[in-house]
Amino acid sequence: MKKLHLDLLRHGATTLSHTLRGHLDDALTEQGWLQMQSTIQRAMDAGMEWDVIISSPLQRCQKFAAALAEQLELPLRLNADIKEMYFGDWEGVSTQTIYENEPELLANFWQFPTQYHAPNGESLNQFQQRVLHGFNEIYVQMQQHQWHKALIVTHGGVIKLLTCLARQHKLDDLLTMPAALGKLYAFNLAQIDSKIHFDEKSATR
């Protein structure tokens with residue numbers, strides 16, 4: 001069984017960081033860019049390197065990924081399936097506002113995300129299927145090109161989902177998983193019986 005190494009970098013702070021931005025295409029702030037840059041610099045100073053950079057197409061991920069790929073002379077691939085969860089009517093709305101208007105639904109969503117989701121938004125099952133489809137594509141791509149280590153620039157929800165799966169926690173624990181802005185999370189990716197599996201490589205950097 002061949003294991004591939006993935007370092008998942010969550011984007012930094014954005015202009016809409018106080019909201020559930022989901023699929024909204026908000027930009028990184030200067031602070032957000034610096035958060036990502038300092039994390040990557042520390043990783044490279046520690047001897048980390050990658051064969052490819054793969055990014056969500058949303059600009060809060062893609063712009064940094066494209067600049068880094070050019071700087072390191074690495075191939076860049078975009079993957080729409082590793083975008084953030086779609087929050088429907090809650091897109092661009094602060095949790096404070098949602099709490100004021102729909103406190104019970106928000107509380108249920110935080111506690112039981114497998115059973116509740118944003119109005120007109122993506123269910124956790126739909127989100128999981130989409131993200132796993134994306135990482136299956138990534139696994140195939142990496143095998144085809146003989147890439148062993150990838151930097152994946154993505155979103156908090158994606159990192160929380162992979163952490164939940166890697167730790168074999170129930171999916172209702174999803175929102176308690178770590179995914180700090182601008183931080184790296186390391187995973188191994190393997191395929192067993194035609195299904196992809198994740199395990200955590202090491203602690204947050």
Side-chain angles (χ1 to χ4, degrees), residues 6-50 52-100 106 109-110 113 118 121-122 127 131 134 149-164 174-187 200-205:
L6 309 179
D7 285 307
L8 269 66
L9 175 68
R10 187 183 178 189
H11 63 78
T14 71
T15 56
L16 293 177
S17 272
H18 59 292
T19 71
L20 296 176
R21 55 263 201 237
H23 286 193
L24 292 178
D25 203 10
D26 56 327
L28 287 170
T29 61
E30 186 177 352
Q31 178 203 7
W33 188 283
L34 290 172
Q35 286 171 324
M36 300 168 81
Q37 196 169 45
S38 63
T39 294
I40 289 299
Q41 191 59 55
R42 282 196 304 274
M44 293 195 303
D45 288 347
M48 289 178 63
E49 51 187 38
W50 304 280
V52 61
I53 297 175
I54 300 168
S55 176
S56 156
L58 296 177
Q59 65 170 324
R60 58 188 184 267
C61 296
Q62 182 186 341
K63 287 197 170 179
F64 182 86
L68 185 63
E70 185 176 357
Q71 177 194 333
L72 300 180
E73 299 182 342
L74 290 176
L76 174 67
R77 298 287 186 273
L78 300 182
N79 190 312
D81 285 333
I82 62 170
K83 287 198 292 192
E84 183 58 278
M85 179 182 276
Y86 177 60
F87 292 111
D89 295 352
W90 289 353
E91 293 264 308
V93 182
S94 71
T95 50
Q96 180 62 38
T97 301
I98 299 166
Y99 178 73
E100 289 166 5
L106 182 64
F109 171 65
W110 288 137
E122 204 171 19
F127 176 62
V131 170
K149 296 178 180 179
L151 176 66
I152 315 283
V153 188
T154 186
H155 305 267
V158 174
I159 293 168
K160 286 173 183 284
L161 175 64
L162 264 59
T163 305
C164 214
L174 179 87
L175 297 170
T176 67
M177 296 292 114
L181 288 168
K183 296 298 183 187
L184 271 178
Y185 297 84
F187 296 89
E200 284 184 286
K201 174 89 173 165
S202 60
T204 310
R205 286 196 263 305

Handout entry: Partner residues of Trp50 under the ring-ring contact (aromatic ring centres under 6.0 Å, His included) criterion, sequence neighbours left out
Key = none

Practice task
Can you sort out the partners of Phe87 under ring-ring contact (aromatic ring centres under 6.0 Å, His included), two or more places apart, ordered by chain and number?
Solution key: none

Exercise for the section: Without swapping roles, check the side chain of Glu200 against the backbone of Thr163 for a donor-acceptor pair under 3.5 Å. Expected result: no

Exercise for the section: Please examine the side chains of Trp110 and Thr95, heavy atoms only from C-beta on, and report whether any two atoms are closer than 4.5 Å. Expected result: yes

Fill in the blank from the handout: So CD of Gln35 and NE2 of His11: to nearest 0.5 Å the spacing works out to 10.0 Å

Exercise for the section: To the nearest 0.5 angstrom, please state how far the NZ atom of Lys83 sits from the OG atom of Ser55. Expected result: 11.5 Å

Fill in the blank from the handout: Sorted by chain and number, sequence neighbours left out, side-chain hydrogen bond (donor to acceptor under 3.5 Å, both in side chains) with Lys149 holds for none

Practice task
Keeping the roles fixed (side chain from Lys160, backbone from Leu174), state whether a donor-acceptor pair exists under 3.5 Å.
Solution key: no

Handout entry: Pairwise distance CD(Gln37) to CG(Leu28) - rounded to 0.5 angstrom
Key = 11.0 Å

Exercise for the section: Applying side-chain hydrogen bond (donor to acceptor under 3.5 Å, both in side chains) between Arg60 and each of Asp26, Thr29, Thr14, report the one that passes. Expected result: Asp26

Problem - With sequence neighbours excluded, residues passing ring-ring contact (aromatic ring centres under 6.0 Å, His included) with Tyr86 - result: His23

Handout entry: Closest non-hydrogen atom pair, His155 against Arg10
Key = C-CG, 4.1 Å

Practice task
Could you tell me the separation between the CD1 atom of Ile159 and the CD1 atom of Ile152, rounded to the nearest 0.5 Å?
Solution key: 10.5 Å

Problem - 4.5 Å side-chain heavy-atom contact, Phe127 and Val158 - result: yes

Exercise for the section: Evaluate the side-chain proximity of Leu68 to Leu151: yes if any heavy-atom separation is below 4.5 Å, no if none is. Expected result: yes

Handout entry: Sequence neighbours excluded - salt bridge (Lys or Arg N to Asp or Glu O under 4.0 Å) pairs with any residue from residues 70-82
Key = none

Problem - Heavy-atom closest contact (Gly156 atom, Ala179 atom, distance) - result: O-CB, 3.7 Å

Exercise for the section: Check whether any side-chain heavy atom of Met48 lies under 4.5 Å from a side-chain heavy atom of Asp7, and answer yes or no. Expected result: yes

Handout entry: Any side-chain heavy-atom pair of Leu184 and Arg42 under 4.5 Å
Key = no

Handout entry: pair Thr154-Val131: side-chain heavy atoms closer than 4.5 Å
Key = no

Practice task
Count the heavy atoms belonging to other residues, nucleotides or ligands that lie under 6.0 Å from CD of Glu30, then report whether that count exceeds 12.
Solution key: no

Practice task
Look only at the side chain of Gln62 and the backbone of Leu78, and say whether a donor-acceptor pair between them is shorter than 3.5 Å.
Solution key: no

Handout entry: From NE2 (His18) to OG1 (Thr97), nearest 0.5 Å
Key = 8.0 Å

Practice task
State which residues pass side-chain hydrogen bond (donor to acceptor under 3.5 Å, both in side chains) with Glu122; sequence neighbours excluded, sorted by chain then number.
Solution key: Arg130

Exercise for the section: Enter the distance from Leu181:CG to Gln31:CD here, rounded to the nearest 0.5 Å. Expected result: 8.0 Å

Exercise for the section: Kindly say whether Cys61 contributes a backbone atom to a donor-acceptor pair with the side chain of Ser56 at under 3.5 angstrom? Expected result: no

Problem - Nearest heavy atoms of Ala69 and Leu76, plus distance in Å - result: CB-CB, 3.9 Å

Practice task
Report yes if the side chains of Phe64 and Leu9 come closer than 4.5 Å at any heavy-atom pair, otherwise no.
Solution key: yes

